[in-house]
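In the text below, chain A, chain B and the rest are named by the order of the sequence lines, each starting its count at 1.
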Amino acid sequence: MRWSHLFIPTLREAPAEAEAPSHRLLVRAGYIRPVAAGIYSYLFLAQRSFLKIIRIVREEMDAIGAQEMLLPALHPAELWQESGRWELMGDNMFRLKDRFGRELCLGMTHEEVMTAIARGELRSYKQLPQIWYQIQTKFRDEPRPKSGLLRVRQFLMKDSYSFDLDPAGLDVSYEKHRRAYCRIFDRCGLRYIVVEAHSGAMGGSQSHEFMVPAEAGEDWVVVCSGCGYSANLEKAVSRPSPPVVADPDGDLAPEEFHTPGRKTIAEVAEFTGLPPSSQIKSLVMMVDGEPVLALVRGDHTLSETKFAEAVGGTEVRPAHGGEIRGWFGADAGSLGPVGVRGIRIMADAALRGRRNMICGANKDDYHLRNVTPDEDFTAEYHDLRQVEDGDACLRCGGPLERKKAVEVGHIFKLGYKYSESMGLRVLDASGKEVTPIMGSYGIGIERILCAAVELYHDEDGMALPVPIAPFAVVVTPVNASDERQRSAAEAIYGRCLELGLDALLDDRDERPGVKFKDADLIGIPYRITVGKKLAQGRVEVLERRTRQSWEMAEVEAASWVAAKVAAALGDGR
RNA sequence: CGGGCCGUGGCGCAGCCUGGCUAGCGCGCUUGCUUGGGGUGCAAGAGGUCCCGGGUUCAAAUCCCGGCGGCCCGACCA
């Protein structure tokens with residue numbers, strides 16, 4: 001295509017509010033334009049890139065026997081009421097009413113619709129297994145859209161669903177997806193890790209996330225450099241570092257002491273001269289309207305996800321100051337488990353076996369020393385804390401590291417949650433009714449592009465992987481008024497097209513600097529520069545990612561780039 | 001939902017505190033000339049409900065009240 005005819009509105013400066021590299025660059029490079037908070041228009045370049053990503057996704061899904069469909073984005077409330085998620089999703093779901101007052105919502109995901117299709121049509125075990133997928137616009141009423149396309153209210157997603165007769169079948173479908181996802185992200189040129197994940201509101205047993213480590217990422221993952229253990233922070237487990245100071249020996253009785261104005265762990269540590277790891281942090285959580293006391297070591301952080309799972313409540317949140325005073329008669333800065341009656345106490349496993357620690361006295365401005373778990377109070381022990389940097393890996397003892405990452409894919413073993421609640425049954429070989437078991441698998445299309453930009457950019461712009469770049473090569477005559485350069489560039493461009501390359505000819509009457517800057521910005525992997533050396537029949541090929549350049553004969557350039565591009569596309573195409 | 005910040009031509013900003021000519025600057029855009037290997041130079045132009053509503057005042061981009069929109073941190077998160 002000829003640049004002079006295209007709409008590629010590049011900006012010299014990015015909008016002030018954009019912070020994440022992918023956000024700044026996608027706007028600057030003319031890929032996207034904001035329409036409202038978390039809602040974007042995808043312009044020509046973005047659309048080209050998405051079409052390439054979608055094609056890769058489609059090829060790999062088809063390769064595992066998945067069947068593509070297209071389901072509605074607009075759903076009736078009844079479907080979501082059946083599964084119980086109409087309430088569960090709360091404000092995260094866009095809801096609306098039609099002219100007759102019927103309630104509808106915009107789909108955040110499609111378990112309900114897919115299951116509704118399956119229950120009407122699947123009747124025999126002979127029809128299983130099935131894998132159905134679609135590439136569809138999804139909606140989520142994000143409380144806080146941010147970081148450009150990384151967290152938005154409307155986005156593209158490939159979602160697939162598997163239906164199997166039994167758990168062994170589900171294992172097979174799950175594994176097919178895991179492998180397909182690896183091929184998809186490999187082909188898109190991403191560097192990613194697969195982590196164990198928490199299932200969240202989806203329900204289900206096993207789940208893995210595909211994560212691309214990047215500073216702009218929204219999720220935290222924990223990885224072990226030793227054995228390769230990796231997990232989402234919500235799920236990760238570790239052996240905590242030992243307390244900084246050993247506990248005092250002896251069978252000491254709790255003893256109250258005055259701590260005027262000392263409310264935080266840090267203030268109490270400073271006041272007592274003992275480190276946070278010698279304290280018990282007491283947090284009050286409201287679980288379905290009832291208070292529960294959660295205890296972790298002073299230097300640890302409560303994982304609300306793990307806590308919620310351990311208590312088994314549906315609605316879990318930190319208690320408000322007023323509620324705390326009502327139950328404990330003290331401020332949040334002076335709480336502790338000693339003497340607490342009628343309130344469930346959950347303690348992190350790292351507190352088990354400790355002796356003579358410090359905690360609040362449930363009396364403003366007083367703390368207790370010599371508090372020993374299981375002697376001075378009793379609690380249920382669970383793993384309740386977040387992994388900290390430097391904790392030891394449970395498998396190999398190596399040090400764990402926390403990293404920010406972008407979630408590009410997520411696979412779940414759903415179990416029977418939807419098939420059961422929505423009444424999906426088939427007859428098995430013995431003529432008995434059985435409930436199929438399901439899996440659910442998602443890929444964020446926009447996030448693949450974002451992650452690639454986060455991974456591969458520099459101060460000049462993006463350096464996209466060949467398979468997902470909007471164009472593979474740009475042919476740039478340096479001097480627009482030089483007839484010989486123009487016709488040579490035309491010839492090379494024509495040759496690129498013949499070789500099947502997605503080629504762009506920068507035929508704009510612009511200064512060379514402008515053309516070079518724009519090409520760098522929009523991230524075209526290869527540039528063929530037709531300039532002064534043309535007098536000797538030579539041109540220059542530049543690789544965007546590495547900034548390496550090669551001078552070669554005019555007639556060679558197109559096929560040379562074609563070979564590079566073919567190598568980058570691998571055998572997938 | 002808690003905390004912080006911001007709305008002035010397409011983009012980036014100044015002006016506001018201390019109200020007062022026709023609201024400025026850089027980039028971009030248009031026209032002409034110029035230049036031609038990293039956003040060329042000169043000249044002439046076009047383009048603004050100063051987020052919206054109300055109030056104070058002789059006078060509001062500027063002060064006051066309310067609303068809307070957006071960004072960042074945290075909480076939340078198929």
Of the candidate nucleotides [options], which contains the atom at the shortest distance from the side chain of [X]?
X: A:Glu111; options: B:A75, B:G36, B:A78; answer: B:A78
X: A:Glu17; options: B:A78, B:C76, B:C71; answer: B:C71
X: A:Lys146; options: B:C72, B:G12, B:A78; answer: B:C72
X: A:Pro512; options: B:A78, B:C71, B:G36; answer: B:G36

Return the value, rounded to whole Å, for the distance between atom [atom1] of [X] and atom [atom2] of [N].
X: A:Phe307; N: B:A75; atom1: CZ; atom2: P; answer: 17 Å
X: A:Glu218; N: B:C72; atom1: CD; atom2: C1'; answer: 13 Å
X: A:Asp141; N: B:A78; atom1: CG; atom2: P; answer: 15 Å
X: A:Asn479; N: B:U40; atom1: CG; atom2: P; answer: 14 Å
X: A:Glu142; N: B:C1; atom1: CD; atom2: P; answer: 15 Å
X: A:Phe412; N: B:A78; atom1: CZ; atom2: P; answer: 7 Å
X: A:Phe94; N: B:A78; atom1: CZ; atom2: P; answer: 16 Å
X: A:Asn92; N: B:C1; atom1: CG; atom2: C1'; answer: 13 Å

Only pairs with both distances under 3.5 Å count, Watson-Crick or wobble alike; so what is the partner of [N] in this structure?
N: B:C5; value: B:G70
N: B:U57; value: none
N: B:C25; value: B:G12
N: B:A43; value: B:U31
N: B:G37; value: none
N: B:G48; value: none

Assert: residue with more 5' nearest nucleotide on RNA chain B, out of A:Gly38 and A:Ile411, is A:Gly38

Check your understanding: Considering heavy-atom distances to RNA chain B, does A:Arg153 or A:Ile443 have its closest nucleotide positioned more toward the 5' end?
Key ->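 Whichever sits nearer the 5' end wins; that is A:Arg153.
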
*Could you identify which residues of residues 66-80 of chain A place a heavy atom less than 4.0 Å from some atom of RNA chain B, listed by residue number, or say none?*
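The answer is none.
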
Residues in contact with RNA chain B, drawn from residues 513-539 of chain A - heavy-atom cutoff 4.0 Å:
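Heavy-atom contacts with RNA chain B come from A:Gly513, A:Val514, A:Phe516, A:Lys517, A:Asp518, A:Asp520, A:Arg527, A:Thr529, A:Gly531, A:Lys532.
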
Applying salt bridge (Lys or Arg N to Asp or Glu O under 4.0 Å), can you list everything that pairs with A:Glu68, at least two apart in sequence or on another chain?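 Partners of A:Glu68 under the salt bridge (Lys or Arg N to Asp or Glu O under 4.0 Å) test: A:Arg58.
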
Under a 4.0 Å heavy-atom criterion, the protein footprint on nucleotides 2-11 of chain B, written with B, S and -, is ---------S

Separation between OG (A:Ser282) and CD1 (A:Ile324), nearest 0.5 Å, reads 10.5 Å

Over 60° means perpendicular and under 30° means parallel, so tell me whether A:Phe185 and A:Tyr181 are parallel, tilted or perpendicular. perpendicular

Are a donor atom and an acceptor atom from the side chains of [X] and [Y] found within less than 3.5 Å of each other?
X: A:Ser162; Y: A:Tyr441; result: yes
X: A:Thr476; Y: A:Asp506; result: no
X: A:His75; Y: A:Glu112; result: no
X: A:Tyr40; Y: A:Glu446; result: no
X: A:Lys138; Y: A:His110; result: yes
X: A:Glu543; Y: A:Tyr526; result: yes

Determine whether a donor-acceptor pair (N or O, by modelled atom type, separation under 3.5 Å) exists between the side chain of A:Arg527 and the backbone of A:Arg544. no

Requested in this report: Determine the contact category for A:Asp219: base if any of its heavy atoms lies under 4.0 Å from a base atom, sugar-phosphate if only primed atoms, P, OP1 or OP2 are that close, otherwise nothing.
Outcome: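 If one applies the 4.0 Å heavy-atom cut-off, A:Asp219 turns out to touch nothing in the nucleic acid.
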
With sequence neighbours left out, the residues meeting side-chain hydrogen bond (donor to acceptor under 3.5 Å, both in side chains) with A:Glu490 are A:Arg2

- So, do A:Trp86 and A:Glu103 sit near enough that their side-chain heavy atoms are less than 4.5 Å apart?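 Yes, side chains in contact.
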
Expressed in whole Å, how much space separates the [atom1] atoms belonging to [N] and [M]?
N: B:C42; M: B:G7; atom1: C1'; value: 36 Å
N: B:C17; M: B:A61; atom1: P; value: 12 Å
N: B:G12; M: B:U22; atom1: C1'; value: 25 Å

Checklist entry - Is a donor-acceptor contact shorter than 3.5 angstrom present between the side chain of A:Arg151 and the base of B:C76? => result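 Check passes, donor-acceptor contact within cut-off.
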
Taking atom CD of A:Glu215 as the centre, report whether more than 12 heavy atoms of other residues, nucleotides or ligands fall under 6.0 Å from it.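 Atom CD in A:Glu215 is not crowded, with 12 or fewer foreign heavy atoms closer than 6.0 Å.
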
- Message: Quick check on A:Arg179: does its CZ atom have over 12 non-hydrogen neighbours (other residues, nucleotides or ligands) under 6.0 Å away?
- Response: no

Worksheet item: Going by an N to O cut-off under 4.0 Å, is there a salt bridge joining A:Glu111 and A:Arg85?
Response: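 Counted as a salt bridge, because a side-chain N and a carboxylate O are separated by less than 4.0 Å.
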
message = Under 6.0 Å from the ring centre and within 45 degrees of the ring axis: does the NZ or CZ of A:Arg153 meet both conditions for the six-membered ring of A:Phe94?
response = no

Protein N or O to nucleotides 28-34 of chain B N or O, pairs below 3.5 Å:
{"from": "B:G28", "atom 1": "OP1", "to": "A:Arg12", "atom 2": "NH2", "distance (Å)": "3.2"}

Original post:
Quick one: is A:Arg511 getting a side-chain N or O under 4.0 Å of the B:U40 phosphate, OP1 or OP2?
Top reply: yes

